[in-house]
Amino acid sequence: MMKRFLAIALLTLAQAGGVNAQTLRWASQGDPQTMDPHSQNESMTNMVNGQVYERLTRRDRKLGIVPGLATEWTQVSPLLWRFKLRPGVKFHDGRPFTADDVVFSVQRAAAPTSQISVYANAVGTPRKIDELTVEFQLASYNPIFLQHLDLLWIMSKSWAEANRAVRPLDFKNKEESFTSMNANGTGPYVLLTRQPGVKTLFKRNPAWWGKNEGNVQEVVFTPISNDATRLAALVSGEIDFVLDPAPRDVPRLRNTSGVKVIDGPENRIIFIGMDQARDKLLYANVAGDKNPFKDIRVRRALYQAVDVEAMRIKLMNGLSQPTGSPTPSAAASFNDAALEARYPFDIGAARKLMAEAGYADGFEVTLDCPNNRYINDEEICQALAAMWAQLKVKVRVSAMPRVTFFPKLEKLDTSLFLYGWGGAINDAESIMTPVFRNRGDKGVGAYNYGHVRNDKFDALAAQSSVEPDTTKREQLIKAALTEYKEQFHVLPLHRQMIPWAARSNVNAVHRADNWLELAWVTIGN
């Protein structure tokens, strides 16, 4: 089946761009969720859309912020930023790029149906000064303003209006719109066709303003859910690149002729979230119909029953970095040893805590888990179920594709779940406000799917979000993270190590945000 899809894709590209064009055929276990750049904030979706759409700024190989659709910027005052836009840029359909598109895009990204509304609201109010100048007026100081701005994709205002797509589609409620399957950006690649679950085709944008450092003219993306099938397709040469080989296959790939492994750490924390709001869990069987996750002793018991070192060695093949910090990178917690340290793995202590909380005989609960998003995600959930069985907690693992998993969490339709968070930002703000803070307005706490409420943490995190003094801000962040950690609101497991696999003639730049930049890929003979 996969061979047939690839053959059709390659034929289409040959007709579109010439048979001598350099074609990159790549695969991942999952598929982008939507072509609407503001609807879903999920790494694979962002990465694929990021080949088509651009931002005012870009990231270099070391994740530094460099000019993108803006050529320069100035912080006029603590609450005012001014940007000069790149002249002569056109969208893929030929429409000119102007300040109107920037203002529209930021406002669109702030809409309730956008999963990046927290970032759009964080950059203040955009206003057009002239065709190539935009200002952002902030209501309060933002210490990572540029980092937030770097998450906002720019769309064509007139294109969106013409196609009735002025607001992001409501993905969690299965809304379809023109932007589900179509795109019109300014970036290095043009979307040709989109077949969800089958293939997505791109061609190089000949009018792109930037410099293509690679030689990829055409792209065929094919989601291949089965690990063995993805591996076989790469080894046989049917595809050129795999974003997410299974860790157990990496040692073999390192010794396979014609194939190479490109690897490094990722800024991503994998953790367990729990419903800590409902009096009775949705998916559980608990004596007295109580919610055990409201009890810190139960949360801590589950934490101390997890043998992360065994998971690192046996399940992750060494491709994980266990941590006690809830941040995507150690830098985000200022490399603080106390925050990074884990509480000890101790089954005896965990059983004692369960007994003290009144759950010596355990309870039953469903663990929601993606099966095509994080490295070994379903396998991690199965391992946790086995570990928690030692506490007489009977866990039913409900594994599902990301296209089902994320909307389920968005609706808070969960009792216990595996989740991950990361990206290009090495600052605790990137996870504290959207993921850990109390659920509120303008995207604050929008990803707090356990509906955790901790007013002490929330106040510290809110203050750190607007603190201009770097020393005071560091103290606030450390205090907030310490509070969250000591309350066991989430159970951090590890940070992922990300191996990519490619044919020997493919050269790609590995970034810590697990982002494949197609304009940097070179295919040799």
Inset, instruction - Measure from the side-chain N and O atoms of Asn184 to the backbone N and O of Asp93, and report whether any donor-acceptor pair falls under 3.5 Å. - result: yes
Inset, instruction - Give a yes or no answer on whether the side chain of Asp36 reaches the backbone of Leu169 with a donor-acceptor pair at less than 3.5 Å. - result: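 Answer holds: yes.
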Inset, instruction - Assert yes or no for the condition that the ring centre distance of Trp159 to Phe104 is strictly below 6.0 Å. - result: no
Legend entry - Closest non-hydrogen atom pair between Leu282 and Thr414, with its separation: CD1-N, 4.1 Å
Inset, instruction - Taking all heavy atoms of Val219 and all of Val216, pick out the closest pair and write down the distance. - result: CG2-CG1, 3.7 Å
Inset, instruction - Just do the side chain to side chain donor-acceptor pair (under 3.5 Å) check on Ser465 and Glu429 with the steps written out, would you? - result: CA-CA 7 Å; Ser465 296; Glu429 171 67 18; 2.7 Å; yes
Any salt bridge between [X] and [Y], counting N to O under 4.0 Å?
X	Y	answer
Asp279	Lys294	yes
Lys157	Asp101	no
Glu213	Arg61	yes
Glu467	Lys472	no

Legend entry - With His38 via ring pair (Phe, Tyr, Trp, His ring centres under 6.0 Å) - residues at least two apart: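 His38 satisfies ring pair (Phe, Tyr, Trp, His ring centres under 6.0 Å) with no residue once adjacent residues are dropped.
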Inset, instruction - Can you label the angle between the Phe405 ring and the Tyr419 ring as parallel, tilted or perpendicular, going by 30° and 60°? - result: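 Ring orientation of Phe405 relative to Tyr419: tilted.
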Legend entry - Side-chain touch Val198/Asp31, heavy atoms, less than 4.5 angstrom: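 The answer is no; the side chains never approach within 4.5 Å.
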Legend entry - Listed once per pair and sorted, the ring-ring contact (aromatic ring centres under 6.0 Å, His included) pairs that draw on residues 47-77, sequence neighbours left out: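 As it turns out, the ring-ring contact (aromatic ring centres under 6.0 Å, His included) pairs with a partner in residues 47-77, which skip direct neighbours, are Trp73-Phe83.
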Legend entry - Exceeds 12 heavy-atom contacts within 6.0 angstrom, atom NZ of Lys411: yes
Legend entry - Among Tyr484, Trp421, Tyr449, the one residue meeting ring pair (Phe, Tyr, Trp, His ring centres under 6.0 Å) with Phe436: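 Among the candidates, only Tyr484 passes.
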Legend entry - Contacts of Arg127 that satisfy side chain to side chain contact (heavy atoms under 4.5 Å, CB included) - sequence neighbours left out: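 So Arg127 forms a side chain to side chain contact (heavy atoms under 4.5 Å, CB included) with Leu80, Ile129, Glu135, Gln137.
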Inset, instruction - Please lay out, stage by stage, how Glu175 and Ser39 fare under the test side chain to side chain contact (heavy atoms under 4.5 Å, CB included). - result: CA-CA 10 Å; Glu175 181 183 14; Ser39 173; over 6 Å; no
